[in-house]
Amino acid sequence: MKFESLRGFRDIYPEDAEPRENMFNTAKRVAHSFGFQIIDFPSLEPLDLYRIKSGDELVSQTFSFVDKGGREVTMIPEATPSVVRMLTSKKDLQKPVRWFSLPKIWRYEEPQSGRLREHVQFNADLFGPDTPDADAELIGMAATILDSLGLSGNYEIRMNHRGIMEKILKSMDVQDTSRAFSVIDRFRKLGRDEFIGALDAAGISGKSAELISKLAATRVESVYLKQAISEIVPLTESLSDDLDRVAKTMEMISLFTDSMVVIDFSVVRGLSYYTGIVFEAFDVKGELRSILGGGRYNGLSTLLSGQEIPAVGFGMGDVVLELLLRRNGLWGRQAAIDGYYICMASDAVEMYSMRVAAEVRKRGKTAVRDSGGRKLAAQLRAASSAGLTKSIIIGTREMETESLTIKDMSSGKQSTISYSDFMDTI
RNA sequence: GCCGGGGUGGGGUAGUGGGCAUCCUUGGGGACUGUGGAUCCCCGGACCCGGGUUCAAUUCCCGGUCCCGGCCCCA
């Protein structure tokens with residue numbers, strides 16, 4: 001019987017697990033520096049938590065089952081509902097609340113580039129303030145994480161605003177805006193004629209379709225935002241205010257990163273609960289799907305609990321991010337670890353070598369003990385591949401004189417010093 | 001769920017309707033009874049699974065499965 005990991009699931013060996021851990025640690029460090037605190041929540045939730053919010057399409061793409069008590073449960077397909085539940089069920093939280101998490105999430109779909117059935121998602125949300133500052137801080141944090149990973153200039157942030165899009169579509173007499181959004185969301189994938197055709201199927205045709213097509217193709221920096229819009233639709237006061245807010249947010253974000261921040265009217269994100277700004281980060285070469293995405297969702301807490309709490313958040317999966325880091329040569333293992341590989345030149349020194357290892361570890365350093373039973377050359381070979389900076393060679397000579405031979409693995413130089421002197425120096 | 005392309009040791013590969021399935025690398029050991037990353041030698045390890053055709057299938061056919069890519073969808 002041969003066992004393999006399930007379709008879309010991964011076994012991750014040290015050569016990938018370590019760069020991956022560095023990646024997560026960087027995200028954590030940056031989040032803490034922005035005042036975000038880590039939370040965690042169950043991997044299994046009631047299926048209804050997602051039905052309420054997202055409907056059958058999402059539910060059909062979950063790993064769900066009926067538990068022994070007859071409850072419909074699912075491996076979580078996203079973090080946000082759980083986070084919002086935590087927020088709304090603890091009534092005495094002082095706002096703003098800044099939370100992040102690193103849950104594993106699952107989706108039952110066909111795996112493809114940048115998308116698997118199980119992945120880790122860095123998720124961050126800021127609850128309370130509904131301001132450009134809050135939006136900018138959150139998006140700025142996302143950018144800072146990417147920058148801290150060494151990706152500055154290799155990605156760009158594309159933003160849009162659901163409210164603005166709603167107003168523009170309404171001004172064109174588009175009734176079913178959510179259907180229009182789902183078409184607009186596919187703009188970059190479709191040819192021009194296909195796009196017009198899809199709009200037509202959504203009940204939009206003629207001049208409106210032409211204008212939407214022009215709008216979706218628009219990608220500008222903040223300073224040209226109003227001008228670009230005014231060429232497509234008349235600027236009402238309300239629309240103008242929204243545009244000012246977005247422009248201000250974008251200017252703020254540019255304080256955090258040198259990467260491009262643009263308005264892109266084709267970025268709408270499929271999720272129906274977004275109410276304000278929406279954004280995604282893409283690699284500049286345009287080879288990968290989005291690196292991260294999020295937006296403002298002020299209505300979700302009302303839907304789940306009746307409490308009105310403004311929110312802005314984003315999620316970033318580890319799969320696309322890993323691909324991007326690899327393509328930029330940023331997926332290497334770390335340099336040699338400061339530590340000791342302990343080799344035994346004789347089986348008689350077992351106890352002594354174990355004592356050395358224990359003492360080294362008590363001093364906070366890494367000590368890896370060869371299990372012995374093979375010749376020294378083989379042990380030193382193992383020491384090389386273990387990636388530690390130094391080896392300690394212990395044989396009967398060392399044991400009889402209560403000393404140790406320390407070998408520097410990069411230079412090959414070695415010297416023998418007394419046990420007590422060695423322990424004092426580390 | 002649908003569509004296309006793939007699957008030979010841990011990784012990368014050669015090849016074939018018939019003989020002990022090729023080479024490189026990795027791993028283990030040795031040459032060197034206390035010194036690694038060089039060299040040489042030895043050893044271990046593979047035709048995705050099932051069915052069909054055939055005297056004979058790793059090779060041809062069908063189905064499944066997994067991988068890669070795409071659609072749908074995107075949390």
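Excluded from the calculations below are hydrogen atoms, water molecules and symmetry mates; all remaining heavy atoms, backbone and side chain alike, are included. In what follows, chains carry the letters A, B, and so on, assigned in the order in which the sequence lines appear, proteins first and then strands, with residues in each chain numbered from 1.
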Considering every strand and a 4.0 Å limit on heavy-atom distances, what is the contact class for [X]: base, sugar-phosphate, or nothing?
X	answer
A:Gly315	nothing
A:Gly8	sugar-phosphate
A:Ala383	nothing
A:Arg374	sugar-phosphate
A:Gly412	base
A:Glu398	base

Round to a whole Å and report the spacing from [atom1] of [X] to [atom2] of [N].
X	N	atom1	atom2	answer
A:Arg269	B:C74	CZ	P	10 Å
A:Glu194	B:G70	CD	P	16 Å
A:Glu280	B:C74	CD	P	11 Å
A:Glu110	B:C2	CD	P	8 Å
A:Ile105	B:A75	CD1	P	10 Å
A:Arg10	B:C67	CZ	P	12 Å

Can you tell me which nucleotide in [options] comes closest to the side chain of [X]?
X	options	value
A:Gln414	B:A75, B:C71, B:U35	B:U35
A:Tyr108	B:G29, B:C72, B:G1	B:G1
A:Ser113	B:G29, B:A75, B:G69	B:G69
A:Pro77	B:G36, B:A75, B:C72	B:A75
A:Arg289	B:C32, B:U35, B:C74	B:C74
A:Gln61	B:A75, B:G34, B:G36	B:A75
A:Gln112	B:G70, B:U35, B:A75	B:G70
A:Thr396	B:G70, B:A75, B:G34	B:G34
A:Arg186	B:U35, B:C72, B:A75	B:C72
A:Ala377	B:G29, B:U35, B:C74	B:U35

Margin query: Check the phosphate of B:C32 against A:Lys375, side-chain N and O only, distance under 4.0 Å to OP1 or OP2. Yes or no?
Written below: no
Check: Start at the 5' end of RNA chain B and walk down; is the nucleotide closest to A:Ser182 or to A:Leu380 reached first?
Finding: A:Leu380
If you draw the axis of the six-membered ring of [Y], does the NZ or CZ of [X] fall within 45° of it and under 6.0 Å from the ring centre?
X	Y	result
A:Arg162	A:Tyr273	no
A:Arg117	A:Tyr108	yes
A:Arg369	A:Tyr340	no

Margin query: Looking only at the side chains, is there a donor atom on one of A:Asp16 and A:Trp331 sitting less than 3.5 Å from an acceptor on the other?
Written below: yes
Item checked: Short side-chain donor-acceptor distance under 3.5 Å, A:Thr249 and A:Asp135 -> no
Check: Hey, is the side chain of A:Arg115 pairing donor to acceptor with the base of B:C74 inside 3.5 Å?
Finding: yes
Note to self: So for A:Ser384 and B:G37, does any side-chain atom that can act as donor or acceptor lie under 3.5 Å from a complementary atom in the base?
What the structure shows: no
